[in-house]
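Right, one structure below, let's go through it.
Remember, it's a predicted structure, so these values are computed and weren't measured experimentally. A note on names: the letters A, B, ... follow the listed sequences, proteins ahead of strands, and every chain is numbered from 1.
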Amino acid sequence: EPEVTQTPSHQVTQMGQEVILRCVPISNHLYFYWYRQILGQKVEFLVSFYNNEISEKSEIFDDQFSVERPDGSNFTLKIRSTKLEDSAMYFCASSDFRLSGELFFGEGSRLTVL
Amino acid sequence: RKEVEQDPGPFNVPEGATVAFNCTYSNSASQSFFWYRQDCRKEPKLLMSVYSSGNEDGRFTAQLNRASQYISLLIRDSKLSDSATYLCVVNNNNDMRFGAGTRLTVKP
């Protein structure tokens, strides 16, 4: 069964460092998303991406964040100058809304900022 | 008003109980609706879509009331394995927004 894969599964970084989280969405999907979940809190929308551009972004997704689809398979989230409050689980998801509308999530990348 | 609002929970029920979760959404133009399940420290996974006429999948029944902007999930004969957080998800133009989730614990 096709799945969304994310790397790394866990990253520890120092405050102020840049982090890149990588995702490989399901190959025939057209819509890609990043969500984050701070421990014990809700799943928060960050950004959606379609047709090689951002289609929606939340107020959380400020200039510190950027997304890129550098090739036909990877979808990356870059966090510049990480802050302590960026510590969270970051989930990538993809969907082909022409079919079921279901979001398929990766297992997440846990980011710990020290 | 929050975009997607759910019962805060937690719900602690005995095995075999029936439990219902509610969810309201603020955007009347929302097109599709889902219930997801999230186990502790895991990714959310689709439990079921919610259709206008209501739909059932085994012990799970989902209802949608567009006029009241309200979605529900009913779990009958709850099992220990149903213990999880249940997330209401609302789609508006491919923008999928999550409720805060309702935590369910089923006890022996």
Counting only heavy atoms closer than 4.5 Å, note whether Gln31(B) contacts chain A via side chain, backbone, both or neither.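 Neither part.
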Are there over 12 heavy-atom neighbours, none belonging to [X], within less than 6.0 Å of that residue's [atom1]?
{"X": "Glu107(A)", "atom1": "CD", "result": "no"}
{"X": "Tyr51(B)", "atom1": "OH", "result": "no"}
{"X": "Lys57(A)", "atom1": "NZ", "result": "no"}

Per-residue contact mode, [X] against chain B (heavy atom under 4.5 angstrom):
{"X": "Tyr35(A)", "answer": "side chain"}
{"X": "Gln37(A)", "answer": "side chain"}
{"X": "Glu56(A)", "answer": "side chain"}

Would you say Tyr36(B)'s side chain and Leu103(A)'s backbone share a donor-acceptor pair under 3.5 angstrom?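 Answer holds: yes.
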Is it true that the side chains of Asp86(A) and Gln64(A) contain a donor and an acceptor less than 3.5 Å apart?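 There is such a pair between these side chains.
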Quick one: which of Ala100(B), Gly99(B), Pro44(B) has the most heavy-atom pairs under 4.5 Å with chain A, could you say?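 Highest number of pairs under 4.5 Å: Pro44(B).
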